[in-house]
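This report refers to the structure that appears directly beneath it.
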2 protein chains.
Amino acid sequence: MGTPKTEFRIDIEACAKQLPTSIAILVRRMRLEGDVPASFASVLGRLEIVGSMTATELSELEHVRHQSITQTVKALEAKGWVQITVNPDDRRQRLVSLAPAGRDILTDQRRRRSEWLMVQMDTLLTEQERTLLAAATPLLERLAMGGPAD
Amino acid sequence: MGTPKTEFRIDIEACAKQLPTSIAILVRRMRLEGDVPASFASVLGRLEIVGSMTATELSELEHVRHQSITQTVKALEAKGWVQITVNPDDRRQRLVSLAPAGRDILTDQRRRRSEWLMVQMDTLLTEQERTLLAAATPLLERLAMGGPAD
DNA sequence: TATTGTTATACTCTATAACTATA
DNA sequence: TATAGTTATAGAGTATAACAATA
């Protein structure tokens, strides 16, 4: 049916050009909404789901260097939001887990941040558009993580 | 028609919870792909489209404080990537515009960054999913900018 | 007074390099 | 040697506060 492929390519290119700017600004704005640094909230959120993780596992999931995670975890420990225990089976590993205070902070932070986003979505998008965005969110996650097996 | 509303709400909530983490990681990874700081590239891109802008206009579009833009623009000027001229009609204003060297840098940077993203999209998404993401991108832009009239 | 912009300073976040400890 | 993690240091990016210049 003619040349839908050309139009399609243009869409994808336009997407690849626009997406970086849009999400960078969105991240910037959400950072201001939170009362807790985004890096902290992200780590706490993972610990809540998984229970406990090593620094290396965290760094892989967050796509940062392991040295960076060390600093984040150190700051979280200083706040009393995580606990660190040495893995007795491999004493090189430190297992990071959510402390009670961390759980409280996480609950509060997540409510704030996702509430802000939900207000934006309610205000700026139609119901149909919200559904579309919800459908696209797992795709962004896949792009962020580099695929199901990465 | 039962309770589609409940399911819908769950989708939107899941979206609002997942989206911040995913796009934060995506921004992080794209920053590593670029050879130019993301804040620089973003400002250069706007100047290419609009021609010249004041610091205040830039700060509003980028959703940062005007003090922050001052520093970005100062760095861009030091690199020779933008030119700054005083607006003769209002001598408080400095008009920032793209210098030839800035245009070269921008072209190169944009090719790198959007190429990386396009490779990810080609590798990790189906054609249908790419179309879905392309459709959702303007919605993310709207959320980022706070609406058509903001 | 209001607007536009700068300077000074500090914090968050992440990186690279060099190191220690355990396997 | 390889893996897990730390410490030291630096740079990008952005914020707040106080200031100067122009309208």
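Lettering follows sequence order; numbering is per chain, from 1. On a predicted model such as this, the values are computed, not experimentally measured, just so you know.
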Side-chain ([X]) to main-chain ([Y]) donor-acceptor, under 3.5 angstrom:
X	Y	answer
T107(B)	R103(B)	yes
E77(A)	K74(A)	no
Q109(B)	D35(B)	yes

Just checking [X]: base, sugar-phosphate only, or nothing, at a heavy-atom cut-off of under 4.0 Å?
X	result
A38(B)	sugar-phosphate
T72(B)	nothing
L32(A)	sugar-phosphate
S39(B)	sugar-phosphate

Taking atom [atom2] of [N] as reference, at what distance in whole Å does atom [atom1] of [X] sit?
X	N	atom1	atom2	value
R31(B)	dA12(D)	CZ	P	12 Å
L95(B)	dG5(C)	CG	P	8 Å
L58(A)	dA4(D)	CG	C1'	13 Å
R92(A)	dA4(D)	CZ	P	6 Å
Q93(B)	dA2(C)	CD	P	18 Å
E57(B)	dT4(C)	CD	C1'	11 Å
N87(A)	dA21(C)	CG	P	19 Å
H66(A)	dA17(C)	NE2	C1'	11 Å

Can you tell whether the side chains of R110(A) and E48(A) come within less than 4.0 Å, N to carboxylate O?
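Between E48(A) and R110(A) there is a salt bridge, with a charged N closer than 4.0 Å to a carboxylate O.
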Would you mind checking if R46(B) and E57(B) are paired as a salt bridge, meaning a charged N to carboxylate O distance below 4.0 Å?
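No, no charged N to carboxylate O under 4.0 Å.
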Residue whose nearest DNA chain D nucleotide is more 5′ - V36(B) or Q67(B):
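Whichever sits nearer the 5' end wins; that is V36(B).
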Toward the 5' end of DNA chain D, by each residue's nearest nucleotide, K74(A) or R28(A):
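Residue closer to the 5' terminus by nearest nucleotide: K74(A).
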Is a donor from one side chain sitting under 3.5 angstrom from an acceptor on the other, for S42(A) and E62(A)?
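Yes, because at least one side-chain N or O of S42(A) sits under 3.5 Å from a partner of the opposite role on E62(A).
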Looking at dT6(C), dA21(C), dA15(D), which one has an atom nearest to any side-chain atom of R94(B)?
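Comparing dT6(C), dA21(C), dA15(D) against the side chain of R94(B), the answer is dT6(C).
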Looking at dA23(C), dA15(D), dT14(C), which one has an atom nearest to any side-chain atom of Q71(A)?
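Of the options given, the side chain of Q71(A) lies nearest dT14(C).
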Under 4.0 Å from OP1 or OP2 of [N]: is there any side-chain N or O of [X] that close?
X	N	result
R91(A)	dA4(D)	no
T70(A)	dT6(D)	yes
R65(A)	dT16(C)	yes
S68(A)	dC13(C)	no
T56(B)	dG5(C)	yes

Residue whose closest nucleotide on DNA chain C lies nearer the 5' end, V73(B) versus P88(A):
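Taking each residue's closest nucleotide, the earlier one in sequence belongs to V73(B).
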